[in-house]
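Atoms within each ligand, like the ligands themselves, are counted from 1 in listed order. Side chains are part of it too, since the values below use all heavy atoms of this structure and drop only hydrogens, waters and symmetry mates.
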Amino acid sequence: MDFGLRQDQRMAQREARCFARREIAARPADRPADNALVGKMGQLGLFGCAFPEEYGGAESGFLTHSLVCEEISTVNSGLRPLFNLQGMTVPYTILQWGSAAAKERYVRSLVLGEKLGCTCFSEPHAGSDIAAIETTITACGDHFLLNGTKTWISNGHAADVALVYATMEPGSRHRGLCAVVVDTHQPGWSSRAIPKLGDHATPIAEIHLDGVRVPKENLLGDLGRGFTVAMTALDRGRISVASGAVGLAQACLDAAVEYARRRNQFGHPIATYQLIKGTIAEMVADVDGARLLVRRAAWRADQGQPFTREAAIAKFVAGETVVRAAGRTMEIFGGMGYSLDMPVERFYRDAKLYQIGEGTANIMKILIANDALGLKKANRSRPPNFAGTTDLA
Ligand SMILES: Cc1cc2nc3c(=O)[nH]c(=O)nc-3n(C[C@H](O)[C@H](O)[C@H](O)COP(=O)(O)OP(=O)(O)OC[C@H]3O[C@@H](n4cnc5c(N)ncnc54)[C@H](O)[C@@H]3O)c2cc1C
């Protein structure tokens, strides 16, 4: 693994940092993202790092995507889910698994921020256990019909395009699952906002699907093979999520260092006390460790090497790191950490999601342990990616 960054990667990182400090920091952090902001991010190329030029991308790879994601999350982690949806999960899954017509119709417009996307796995009775999905997909002439309920859908209220996972036969588990691309602006698609603790820049919704129509050309992969599509989407998504966790952990660390230097107690800055130094040292080591693991996973994805195991480790460690970092920052701030006038309370609220979304901490541990114990190899062979490289993820 090369620990240096290429010039294009450094440039993308710098550009994302400038944009985040200039445009994102100027907005109230809890204000939901709007089309204008998403459009600006798309035009600047922030979503396109991992995409081919013909789809509006820069062909710079997953590591570049990770660097950009980290920068955005450092300034506002609440925008990270939206960034992942636009810059990775939705368009990349269509790019890898979609028909020529679906790629043509959706990928570029998502990457450029002209359309908003969402991903619909979760249901009231299917969270960690995706194979328990109950939403049905039924063939009807030249299209499919979808019926069911999805929940916890980030951006679900505003999305123009949705990746929906549904089963041909409830109870058939992995075998019956299908993945399709859905145009949301049609009868039968409705959403209801769900109030939540943090990440307010990306609202979430419950989605009702009542006879929603999907052209057959919008099927991703083969009929009944949607579980494989889901696993590849989650692997890549975990790199994004872990990158965001590192970004927010860095924001916690920066705030803790700055406050410890200027807060005086007992006649000295609290930064001079060994217990505070110890906390800062542990935070630095945690964030550095998590960042290296995230970059290893992204680097392996760029090399076309298997990375399911590495993405799970990165996601698990980064999720634990950011929750610990937010708690420690709040401790260093003392009472001010509890104030609604400081960003620290937002860090605390936003951090927790990193142990839940894109596979909970427990699910990551199961994947990692099953691999270590020889029960289920994580880095198994998977179909080639869009470029036809040896993507064994
Ligand atoms: C803010 C937010 C945004 C989200 N965005 C999206 C989105 O855009 N699209 C989408 O599809 N979903 C989304 N989700 C849903 C998210 O992916 C799920 O919450 C997550 O997968 C966990 O599912 P669950 O909530 O049903 O928990 P459950 O699966 O019910 O798990 C509950 C607890 O049990 C544990 N558990 C479950 N199974 C096992 C096991 N076998 N062994 C040990 N422990 C286990 C879990 O780790 C967890 O601690 C979002 C969630 C949140 C909170």
Side-chain angles (χ1 to χ4, degrees), residues 30 32-33 73 76-93 110 116-135 146 148-159 161-167 173 177 179-182 184 191-209 226-227 229-231 233-238 240-242 244-245 248 312 315-316 319-320 322-323 346 348-370 373 375-376:
D30 280 340
S73 190
N76 186 354
S77 175
L79 275 176
R80 190 274 316 159
L82 179 138
F83 178 78
N84 294 171
L85 289 166
Q86 297 294 134
M88 182 58 60
T89 318
V90 182
Y92 207 96
T93 309
L110 286 160
L116 298 184
C118 71
T119 297
C120 305
F121 292 110
S122 304
E123 298 183 357
H125 302 293
S128 301
D129 184 9
I130 288 173
I133 279 175
E134 293 171 344
T135 294
L146 295 173
T149 301
K150 296 288 178 180
T151 192
W152 300 113
I153 306 306
S154 301
N155 227 14
H157 70 299
V161 179
L163 294 194
V164 177
Y165 294 81
T167 180
R173 305 273 307 158
L177 217 59
V180 286
V181 191
V182 177
T184 65
S191 67
R192 178 185 70 83
I194 304 177
K196 61 182 161 80
L197 177 68
D199 270 31
H200 292 308
T202 309
I204 55 171
E206 184 172 273
I207 305 291
H208 295 282
L209 302 156
F227 193 77
V229 176
M231 292 302 111
L234 286 168
D235 280 345
R236 294 187 219 294
R238 281 170 194 156
S240 277
V241 173
L248 178 55
K315 161 52 173 72
F316 171 64
E320 300 300 302
V322 69
V323 170
R346 174 170 56 84
Y348 200 73
R349 287 186 284 115
D350 290 355
K352 197 62 191 172
L353 180 60
Y354 289 107
Q355 289 175 322
I356 302 171
E358 221 82 5
T360 65
N362 273 4
I363 297 300
M364 295 304 96
K365 285 198 268 189
I366 291 169
L367 194 154
I368 295 163
N370 280 346
L373 294 166
L375 299 173
K376 194 171 181 185

Heavy atoms, side chains only, cut-off 4.5 Å: are [X] and [Y] in contact?
| X | Y | answer |
| --- | --- | --- |
| Thr93 | Thr119 | no |
| Lys315 | Leu367 | no |
| Asp129 | Arg173 | yes |
| Leu209 | Thr149 | no |

Identity and distance of the protein heavy atom lying nearest [atom]:
| atom | result |
| --- | --- |
| atom 20 (C) of ligand 1 | Ile356 O, 3.7 Å |
| atom 13 (C) of ligand 1 | Trp152 O, 2.9 Å |
| atom 8 (O) of ligand 1 | Ser154 N, 2.9 Å |
| atom 18 (C) of ligand 1 | Ser122 OG, 4.1 Å |
| atom 39 (C) of ligand 1 | Ile363 CD1, 4.2 Å |
| atom 26 (O) of ligand 1 | Gly127 CA, 3.2 Å |
| atom 41 (N) of ligand 1 | Ile366 CD1, 3.8 Å |
| atom 43 (C) of ligand 1 | Asn362 ND2, 3.7 Å |

Best match, Thr360, Ile153, Ile207: closest heavy atom to atom 48 (C) of ligand 1: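 Considering heavy atoms of Thr360, Ile153, Ile207, the nearest to atom 48 (C) of ligand 1 sits in Thr360.
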For atom 31 (O) of ligand 1, which of the options Ala162, Cys120, Ser128, Pro81 provides the nearest non-hydrogen atom?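 Going through Ala162, Cys120, Ser128, Pro81 one by one, Ser128 has the nearest heavy atom to atom 31 (O) of ligand 1.
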Given that the side chain starts at C-beta and the backbone is N, CA, C, O, which of these parts of Thr119 lies under 4.0 Å from ligand 1, counting heavy atoms, or is it both or neither?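 The part of Thr119 near ligand 1 is the backbone, not the side chain.
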Taking only heavy atoms of Leu353, which atoms of ligand 1 are found under 4.0 Å from at least one of them?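 Numbered from 1, ligand 1 contributes 1 (C), 2 (C), 52 (C), 53 (C).
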Please list, in number order, the atoms of ligand 1 under 4.0 Å from a heavy atom of Phe121.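 Listed by number with element: 10 (C), 11 (O).
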Please enumerate all residues that pass ring-ring contact (aromatic ring centres under 6.0 Å, His included) together with Tyr354, with sequence neighbours excluded.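 Checked Tyr354 against ring-ring contact (aromatic ring centres under 6.0 Å, His included); zero matches.
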For Phe121, ring-ring contact (aromatic ring centres under 6.0 Å, His included) partners two or more places apart: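 Phe121: ring-ring contact (aromatic ring centres under 6.0 Å, His included) contacts with Tyr165.
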Candidate list Val180, Ile153, Ile133, test side chain to side chain contact (heavy atoms under 4.5 Å, CB included), partner Val164, passing option: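 Exactly one candidate clears the test, Val180.
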For the pair Glu206 and Arg192, find out whether any cationic side-chain nitrogen is under 4.0 Å from an anionic carboxylate oxygen.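 Salt bridge present between Glu206 and Arg192.
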Under 4.0 Å from atom 33 (C) of ligand 1, is there any protein heavy atom? no
Minimal heavy-atom distance between Thr202 and Leu79, with the atoms involved, is OG1-CA, 3.9 Å
